[in-house]
2 protein chains.
Amino acid sequence: MALEHAILVSLLEKPGSGYELARRFDRSIGYFWAATHQQIYRILKRMENDGWIDAREVAQQSRPDKKEYSVAAPGRAALSRWLHEPIEPESVRHELAVKIRGAAFDDPAALLDEVERHRRAHADRLAHYLAGEQRDFTGPDAPERPDAGQELQHVVLRGGIAYERMTLAWLDDVIATLHRLGAQR
Amino acid sequence: MALEHAILVSLLEKPGSGYELARRFDRSIGYFWAATHQQIYRILKRMENDGWIDAREVAQQSRPDKKEYSVAAPGRAALSRWLHEPIEPESVRHELAVKIRGAAFDDPAALLDEVERHRRAHADRLAHYLAGEQRDFTGPDAPERPDAGQELQHVVLRGGIAYERMTLAWLDDVIATLHRLGAQR
DNA sequence: TCCTTCTATGCAACTCGTTGCATAGACAAG
DNA sequence: CTTGTCTATGCAACGAGTTGCATAGAAGGA
C-alpha cells in the first residue's frame with residue numbers, strides 16, 4: 001500500500017494532474033515504483049475524498065482542462081506517519097530468474113535471445129539514468145549547493161545506476177553460462 | 001501470472017506437497033519470487049483441475065498425510081510455451097527508495113535506523129546465499145561435473161549474491177548521505 | 001474532411017496477492 | 001493433561017493491480 005505514499009511524495013516534489021503523475025511514473029519515480037494511470041486516478045480520487053490532497057481546476061489553452069492536485073495537511077501527516085513506520089525489506093520478483101531455472105527443463109540456448117533483449121533494455125535504462133544524473137546533478141547546469149531534496153533524489157538515482165550496472169554484469173554472466181551449456185551439447 | 005510457472009519449475013526440480021513448496025518459497029526459489037501458502041494452495045488446485053499436475057496421496061508416519069504433486073505433460077507444455085514467450089523487463093518496486101525521497105519533506109535523520117535495519121537484513125541474506133553457494137556449488141561436497149540444472153541454479157544464485165552486494169554498497173551510500181544531511185542542520 | 005496523435009479522465013470486470021481465521025494429526029515439554 | 005510447536009490443508013474477505021474499453025477537446029497531416 002505504498003502507491004499512495006509514492007504519489008504524495010511526487011506531489012510534494014511538484015503538484016500536478018493525474019495525467020502528469022502518470023507520466024512521472026513512466027519516468028523518474030516510476031523506476032522505483034511502477035503504476036498505471038488507472039491506479040493513479042483511483043487513488044487520487046480516494047485521497048481527495050479523504051482530504052489528503054486538494055484539487056484545483058486549471059483551464060488550459062490548446063489542450064483540455066486538468067485538475068491539479070497538491071498535498072493538504074492531512075496528507076502530509078499521513079506520509080509522515082508512514083515514513084516513521086518500519087517496512088519489510090522488499091520481496092523481489094525476478095521473472096527472468098524463474099525462466100533461467102526453468103530452462104533446465106527446456107532448451108537453454110533458446111533463452112539467449114530473451115536474455116540479450118533484457119540486456120539491451122537495461123543498457124538503455126542505464127544510459128537514461130546517466131544522462132539524467134549528468135543533467136540534474138553532475139553537469140554544468142547542476143546546482144552548486146544542492147538542497148536535501150536534491151541530495152536524496154541523487155542518492156536514489158545512484159541506486160538505480162548501481163542496480164543497472166550490476167544487472168548488466170550479471171546478464172553477461174548468464175549469457176556466458178548459456179553459451180557454455182550450448183557448447184557442451 | 002508467473003507464480004504458476006515458478007511452481008512448475010520447482011516441482012520439476014523436485015516433486016512435493018503444497019506445504020513443502022511453501023517452505024521452498026521461503027528459501028531458494030522464493031528469493032526471486034515470493035509467495036504465501038495461500039497462493040500456492042490455490043494455484044495447485046487450479047493446476048490440478050486443469051490437468052497440469054498430478055496429485056498423489058502420501059501417507060506419512062509421525063506427521064499428517066500429504067498430497068504430493070508432480071508435473072504432468074500439459075503442465076510441461078504450458079511451461080515450455082511460457083519459456084518461449086518474451087517477458088517485459090521487470091518493473092521494480094523499491095519502497096525504501098520512495099521513503100528516501102519522502103524524507104526530504106520530513107526528518108532525514110529519522111530514516112537512519114530504518115536504513116540500518118535494512119542493511120542488516122541484506123547482510124544476513126548475503127551470508128545465507130554465500131553459505132548456500134559454498135554448500136551446493138563451490139565447497140568440497142559440490143558436484144565436480146555439475147549438470148545444466150545445477151549450472152543454471154548457480155548462475156541465478158550468483159545474481160542474488162551480486163544483488164545483495166550492490167544493495168549493501170548502496171545502503172552505505174545512503175547512510176553516508178543521511179549523515180551528511182544531518183550534520184548540515 | 002477524415003484520421004491520427006496527444007492531452008486528459010474515467011468505468012467495469014477481472015485476476016492477483018494479502019490477512020485473518022479454522023481445522024487437524026503427531027509429538028514434546030511442563 | 002494441557003499447552004505449544006510443527007506439519008499439513010484450506011476458506012472467506014478484502015485490497016492491490018491489470019486490461020479493455022469509452023469519452024472528449026485540440027492540433028496537425030493526408
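Here is the naming used below: chain letters follow the sequence lines, and residue numbers restart at 1 for every chain.
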ask   = Hey, is E4(A) close enough to R46(A) for a salt bridge, meaning N to O under 4.0 Å?
value = yes
ask   = When every nucleotide of nucleotides 20-27 of chain C is labelled 5' to 3' by its protein contacts under 4.0 Å (heavy atoms), B for base, S for sugar-phosphate only, - for none, what sequence of letters results?
value = BB---BSS
note = Residues at least two apart in sequence or cross-chain that pass side-chain contact (heavy atoms from CB on, under 4.5 Å) with Y19(B), listed by chain then number, are S17(B), R23(B), Y41(B)
Grab the N/O contacts between the protein and nucleotides 2-4 of chain D below 3.5 Å, and write none if there aren't any.
none

key: Side-chain donor-acceptor contact under 3.5 Å, H84(A) with D106(B)   = yes
ask   = Can you tell me if the side-chain N/O atoms of Y41(A) get under 4.0 Å from OP1 or OP2 in dT9(C)?
value = yes
task = Quickly work out the E90(A) CD to dG17(C) C1' distance and round it to whole Å.
result = 17 Å
key: Side-chain ion pair, R119(A) and D172(A), N-O less than 4.0 Å   = yes
key: Under 3.5 Å donor-acceptor, T167(A) side chain and Y163(A) backbone   = yes
request  = Specify the separation, in whole Å, of atom CZ of R42(A) and atom P of dG10(C).
outcome  = 13 Å
Separation of dA8(C) C1' from K67(A) NZ (nearest whole Å) = 11 Å
query = Rounded to whole angstroms, how far apart are CD on E68(B) and P on dT7(D)?
reply = 16 Å
key: Atom-pair distance (CD on Q39(A); P on dG17(D)), nearest Å   = 5 Å
inquiry  = Expressed as a whole number of angstroms, how long is the span from R93(A):CZ to dG17(D):P?
reply    = 11 Å
E57(A) CD to dG25(D) P, straight-line distance once rounded to whole Å = 15 Å
ask   = Tell me, do I29(B) and I7(B) make a side-chain contact under 4.5 Å, heavy atoms counted?
value = no
Under 3.5 Å, which donor-acceptor pairs do the side chains of residues 48-60 of chain A form with other protein atoms, sequence neighbours left out?
| from | atom 1 | to | atom 2 | distance (Å) |
| --- | --- | --- | --- | --- |
| N49(A) | ND2 | K45(A) | O | 3.4 |
| R56(A) | NH2 | E68(A) | OE1 | 3.0 |
| Q60(A) | NE2 | P64(A) | O | 2.7 |

key: Which residues share a ring-ring contact (aromatic ring centres under 6.0 Å, His included) with F105(A), sequence neighbours left out   = none
Rounded interatomic separation in angstrom, taking CD1 from I40(A) and C1' from dC11(C) = 17 Å
query = Do NZ/NE/NH1/NH2 and the carboxylate oxygens of E20(B) and K14(B) come within less than 4.0 Å?
reply = no
key: Y19(B) side-chain N/O to dT9(D) phosphate OP1/OP2 under 4.0 Å   = no
task = Ignoring backbone atoms, establish whether S17(B) has a side-chain N or O less than 4.0 Å from OP1 or OP2 of dT7(D).
result = no
task = Compare every heavy atom of A35(B) with every heavy atom of L3(B), then report the nearest pair and how far apart it is.
result = CD1-CB, 3.7 Å
task = Classify the ring geometry between W82(B) and H5(B) as parallel (under 30°), tilted (30 to 60°) or perpendicular (over 60°).
result = parallel
task = When you get a sec, tell me which of dT7(D), dT18(C), dC6(C) is the closest nucleotide to the side chain of T36(B)?
result = dT18(C)
note = Note: contacts of residues 76-89 of chain A with DNA chain D (heavy atom, under 4.0 Å) are none
key: Residues R101(A) and E13(B) bridged, charged N to O under 4.0 Å   = yes
